[in-house]
Trainee: 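Following this message is one structure expressed as structure tokens.
For the numbers below, each heavy atom of this structure counts, side chains included, while hydrogens, waters and symmetry mates do not.
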Amino acid sequence: MDLHGHFHGYRTISSPFGKRNSPTKGASSYHSGIDIPAPPGTNIFSVESGVVILAKFNGSGGCTVIISASSYQFIYCHVSPSFLVYQNQYVKKGDLIAQVGPKNIYGFSNNPYKDSNGNPTNGATTGPHLHFTIKKDGTAVNPLNYF
């Protein structure tokens with residue numbers, strides 16, 4: 001697996017894997033992945049081939065795509081609500097699967113997350129970015145150990 005090319009040239013990590021101070025209400029103090037800031041609409045490509053097991057609004061992760069491959073799950077959070085993939089779809093490594101979503105999203109009645117102005121946000125987020133998690137056998141692992 002290689003981060004290079006899969007996140008359209010954005011490689012800065014604004015929040016690493018592991019223990020951290022929560023950046024916003026609803027965000028965990030244990031960060032299960034890495035955050036890569038990028039403008040809304042930035043293309044996101046699959047890091048591995050597999051089956052899409054989720055493509056919907058998913059709590060603190062906001063709009064989320066999860067791809068399952070063997071004993072791994074690749075989780076892409078805070079993506080655009082204009083989903084490019086669907087549940088049970090097979091995707092290949094390098095396929096365009098999502099775009100970075102905006103901070104504010106509308107139309108999700110089950111969204112409890114709001115910004116300081118009371119507008120609904122794309123999960124527990126302070127701004128546009130990709131939150132990327134890898135789970136091996138159900139346990140979050142540091143994505144940087146795989147790239």
Trainee: How close do Gly62 and Thr64 get, counting heavy atoms only, and between which atoms?
Mentor: O-OG1, 2.9 Å
Trainee: Would you compute the distance between atom OG of Ser60 and atom OH of Tyr113 and round it to the nearest 0.5 angstrom?
Mentor: 4.5 Å
Trainee: What's the spacing between Ser49 OG and Tyr90 OH if we round to 0.5 Å?
Mentor: 4.0 Å
Trainee: Quick one: do Val85 and Leu54 end up in the same hydrophobic cluster if we chain Ile, Leu, Val, Met, Phe, Trp and Tyr together by side-chain heavy atoms under 4.5 Å apart?
Mentor: no
Trainee: What distance separates Ile134 CD1 from Ile34 CD1, expressed to the nearest 0.5 Å?
Mentor: 7.5 Å
Trainee: Residues in ring-ring contact (aromatic ring centres under 6.0 Å, His included) with Phe108, at least two apart?
Mentor: Phe57
Trainee: Atom CD of Gln87 and atom CD1 of Ile53: how far apart are they, to the nearest 0.5 Å?
Mentor: 8.0 Å
Trainee: Say whether Phe83 and Ile66 are linked into one hydrophobic cluster, either directly or through other cluster members, by side-chain heavy-atom distances under 4.5 angstrom.
Mentor: no
Trainee: Is Ile75 linked to Ile44 within one hydrophobic cluster, defined over Ile, Leu, Val, Met, Phe, Trp and Tyr using a side-chain heavy-atom separation of less than 4.5 Å?
Mentor: no
Trainee: Which heavy-atom pair separates Gly101 from Asn122 by the least distance, and what is that distance?
Mentor: CA-ND2, 4.0 Å
Trainee: Apply the test side-chain contact (heavy atoms from CB on, under 4.5 Å) to residues Tyr76 and Ile97: give CA-CA distance (whole Å), side-chain angles for both, the deciding distance (0.1 Å), then the verdict.
Mentor: CA-CA 9 Å; Tyr76 306 82; Ile97 57 163; 3.5 Å; yes
Trainee: Does a sphere of radius 6.0 Å around NZ in Lys136 hold more than 12 heavy atoms from other residues, nucleotides or ligands, not counting ones at 6.0 Å or beyond?
Mentor: yes
Trainee: Report the residues that fulfil side-chain hydrogen bond (donor to acceptor under 3.5 Å, both in side chains) with Thr133, sequence neighbours left out, ordered by chain and then residue number.
Mentor: Ser32, His131
Trainee: Do Lys103 and Pro128 have side-chain heavy atoms sitting under 4.5 Å apart?
Mentor: yes
Trainee: Restricting to non-hydrogen atoms, name the atom on Gly61 and the atom on Cys77 that form the minimum distance, rounded to 0.1 Å.
Mentor: O-CB, 3.3 Å
Trainee: Evaluate the side-chain proximity of Pro81 to Pro102: yes if any heavy-atom separation is below 4.5 Å, no if none is.
Mentor: yes
Trainee: Answer whether the closest heavy-atom distance between the side chains of Thr121 and Ile105 falls below 4.5 Å.
Mentor: no
Trainee: CG/Leu96 to CZ/Phe45 distance, rounded to the nearest 0.5 angstrom?
Mentor: 5.0 Å
Trainee: Describe, in one word, how the ring planes of His129 and His78 are oriented to each other, choosing from parallel (under 30°), tilted (30 to 60°) and perpendicular (over 60°).
Mentor: tilted
Trainee: Look up atom OH in Tyr146 and atom OH in Tyr72, then write down how far apart they are to the nearest 0.5 Å.
Mentor: 4.0 Å
Trainee: What residues, two or more places apart in sequence or in another chain, satisfy side-chain contact (heavy atoms from CB on, under 4.5 Å) together with Asn119?
Mentor: Asn104, Tyr106, Asp115, Asn117
Trainee: Report whether Val47 and Val51 are members of the same hydrophobic cluster (ILVMFWY, side-chain heavy atoms less than 4.5 Å apart, transitive linking).
Mentor: no
